[in-house]
Amino acid sequence: MSIDKETVVKVARLACLDMSEDELARVGPQINGILKWMEQLNEVDTEGVEPLANVVNIDLKLRADEVTDGDCSKAVLANAPEETQGFFVVPKVVEQEG
Amino acid sequence: MSDLTHLTIAGALKGLENKDFTAKELTQAHITASEAAKDLNCYVTETYDLALAQAANSDERRAAGNAGALDGIPLAIKDLFCTKGVQTTACSHILEGFVPQYESTVTANLFADGVVMLGKANLDEFAMGSSNTTSYFGNCINPWKTSDGADRTPGGSSGGSASAVAARIAMGATGTDTGGSIRQPASFCGISGIKPTYGRCSRWGTVAFASSLDQAGCFARTVEDNALILRSMAGHDPKDSTSADRPVPDFLSALSGDVKGLKIGIPKEYRVDGMPKDIEALWEQGIEWLKDGGAEIVDVSLPHTKYALPTYYIIAPAEASSNLARYDGVRYGLRAAEHENLNEMYKKTRGEGFGDEIKRRIMIGTYVLSAGYYDAYYIKAQKVRRLISDDFTKAYEQCDVLLAPTAPSSAFVIGENEDDPVKMYLNDVFTVPASMAGLPAMSVPGGLDSQGLPLGLQIIGRAWDEETVFKVARSIERAANFTALPQTLIKKAA
């Protein structure tokens, strides 16, 4: 299956990646090449095969529902590009009605 | 003093215990060697002051009779492991300046045993690559050269780790292996490296690439040294629910055993078209060595081998696209300077912060997970992954370990294989299948090719059976007696 430019633009939007026209033009054919290479999997008969997600058959453990962490907002915020009064700062999200 | 950098870890531990030298002298020797080998670009962050302070503490502990298992041993730490108070970048622009407030479990375990950290080692951005050429902080160079003198890749993604150990500027190093990122660089740099069973080491505090595949491991110049490092790194961690709650075996005791009576499987599907003659010959030589040691050779079949690579390049990017969603310019790392609103800030931060290969893989991952394609690509790949894993299970009914080449070539010149992503992906052809099945696998140097570049042999074991892997690797190491040094080191000594 070959994907068109429109799909490449859509995927970049879904992935939240700002990409220039040049970049999109370059990456489109590369992605097509990779997807084409992946199509050889269609040769494999996987009828009735259970998908494998966890390779070592470990049962995921549950721990007691207790507070084990906390009181570390300074550490959490230490790498923030912008922070104030214990909060991360982001550009305004909700516009005020005028 | 420079002799200190040529010691093995086991030898250095003896020397420290005998008071032949101090941890401070050992560390200083490696710092001096690192300074002289700056052109290799092994370290993206040097932590020499920290190393000397750690070494001084180590000397005090040893004097007080409290030395740990690796006390005073200077290692390189792949810059994918979060280190408290020391910048950790995954060699990506998007994490430049990130200083973790916590320690990864693997490095915490190593430090608890007395390890000294020389620096954070170069890697492919977010560990995505097979040549260490996608690092934001520049290429890492392999100390091995041919007569053409051209700069060659140390392999990837753990290129800085492997190059540092080969160049004798670190005694060992941590690495991570998602599809071959320890084994292929070990092969390219003429050293040993092991990826243990998935779940053997905690992934907590290691920057995530593909969570169902990522596994920490190590590099050293001998099999024994790898056993020493891995023993310290491994173990259950309540903070990683996929880390195995089972005792860590004493890997060292496995090294003394011989391979007599062991069944060594030779997977016929690994005889790929166009394999270089030198690699084929080394594989045959490896078979002969193990036969001479009393092992039995068994031909086995892993019929889905050829589908492992395309399966991997669906599953790994899918998981990566999800894992890398966290880099949005809000909590850490880069934030794009110019933006009109929140959404634009996300997009621009990611557009500016990620390199080409990362964007490509995020796009592939996003596509194969998107509505309408999820079943056709992602679920299909997970089904084929089961078939690949079942192949190994069946093979291990006939044999104890598998022997194969590590990589389809020796170290190539930097810039080769860059024109087509698929060409670069083919580097992982022999390493990816074991990753898909979560199996322990190790590369040991077997010899040099006709150009004088090292080639590795790969031993793949049953899940949780690193001991047999170590035993067979040690046997090959003994037979191969690989003593060649990288040309850059020979030149310096001359």
Scan residues 8-20 of chain A for pairs that pass side chain to side chain donor-acceptor pair (under 3.5 Å), counting only residues two or more places apart or in two chains.
none
Considering only heavy atoms, which portion of A:M38 lies under 4.5 Å from any heavy atom of chain B: side chain, backbone, both, or neither?
both
With a 4.5 Å cut-off on heavy-atom pairs, point out which of B:D245, B:V330, B:D390, B:D328 contacts chain A the most.
B:V330
Is there a side-chain contact between A:M19 and B:M363 in this structure, where contact means two heavy atoms from C-beta onward sitting under 4.5 Å apart?
yes
So which of B:I388, B:I314, B:V368, B:I379 has the biggest tally of heavy-atom pairs under 4.5 Å with chain A?
B:I314
Determine whether B:L309 and A:W37 make a side-chain contact, defined as any pair of heavy atoms from C-beta on separated by less than 4.5 Å.
yes
Given a strict heavy-atom distance threshold of 4.5 Å, which part of B:V384 is in contact with chain A: side chain, backbone, both, or neither?
both
Sort A:V90 into side chain, backbone, both or neither according to what part of it lies under 4.5 angstrom from a heavy atom of chain B.
both
Taking every non-hydrogen atom, the tightest pair across B:G333 and A:P81:
O-CG, 3.6 Å
Most heavy-atom pairs under 4.5 Å with chain A, out of B:I315, B:I362, B:I364, belong to B:I364
For B:T349, is it the side chain, the backbone, both, or neither that has a heavy atom closer than 4.5 Å to a heavy atom of chain A?
neither
B:R386 with A:E50: basic N within carboxylate O range, under 4.0 Å
no
Out of B:G351, B:P310, B:G97, which one racks up the most heavy-atom pairs below 4.5 Å with chain A?
B:P310
Do any of residues 62-78 of chain A have a heavy atom less than 4.5 Å from a heavy atom of chain B, and if so, which, in residue order?
A:A75, A:A78
Which bit of B:A463 is near chain A, if near means a heavy-atom gap under 4.5 Å: side chain, backbone, both or neither?
neither
Looking at A:D45, A:V44, A:N42, which makes the most heavy-atom pairs under 4.5 Å with chain B?
A:V44
Euclidean distance, A:C16 SG relative to B:N343 CG, rounded to 0.5 Å
5.0 Å
Let me know if B:F354 has heavy atoms under 4.5 Å from chain A in its side chain, its backbone, both or neither.
side chain
Taking atom CZ of A:F87 as the centre, does the number of heavy atoms from other residues, nucleotides or ligands within less than 6.0 Å exceed 12?
no
Going by the salt bridge (charged side-chain N to carboxylate O under 4.0 Å, His left out) test, which pairs reach into residues 94-103 of chain B, not counting sequence neighbours?
none
Contact class of A:V89 relative to chain B, heavy atoms under 4.5 angstrom:
backbone
Under a 4.5 Å heavy-atom cut-off, does chain B meet the side chain of A:V93, its backbone, both or neither?
side chain
B:S212 OG to A:N54 CG distance, which is reported to the nearest 0.5 Å
8.5 Å
Counting heavy-atom pairs under 4.5 Å with chain B, the top scorer among A:V8, A:I31, A:T7, A:L14 is A:I31
So how far is it from B:R335 CZ to A:E82 CD, rounded to the nearest 0.5 Å?
5.5 Å
For B:R350, enumerate each residue passing the salt bridge (charged side-chain N to carboxylate O under 4.0 Å, His left out) test, keeping only those at least two apart in sequence or located in another chain.
none
Hey, could you give me the CG/OH distance between A:L41 and B:Y377, rounded to the nearest 0.5 Å?
9.5 Å
Turns out that what part of B:D356 lies under 4.5 Å from chain A's heavy atoms comes down to side chain
Side-chain heavy atoms of B:M436 within contact of A:L52, under 4.5 Å:
no
Out of B:S321, B:P100, B:A437, which one racks up the most heavy-atom pairs below 4.5 Å with chain A?
B:A437
Start with the C-alpha gap between B:Q101 and A:N79, add the side-chain angles, then the distance that decides, and say whether side chain to side chain contact (heavy atoms under 4.5 Å, CB included) holds.
CA-CA 9 Å; B:Q101 304 296 302; A:N79 281 287; 4.0 Å; yes
Heavy-atom check, side chain of B:R385 versus side chain of A:V55, under 4.5 Å:
yes
Checking A:E83 against chain B: side chain, backbone, both or neither under 4.5 Å from a heavy atom?
neither
Is there a side-chain contact between B:P421 and A:I34, using heavy atoms and a 4.5 Å cut-off?
yes
Leading residue by heavy atom contact count with chain A [cutoff under 4.5 Å; candidates B:Y378, B:Y102, B:Y198]:
B:Y198
Does a side-chain N-to-carboxylate-O contact under 4.0 Å join A:E43 and B:K306?
yes
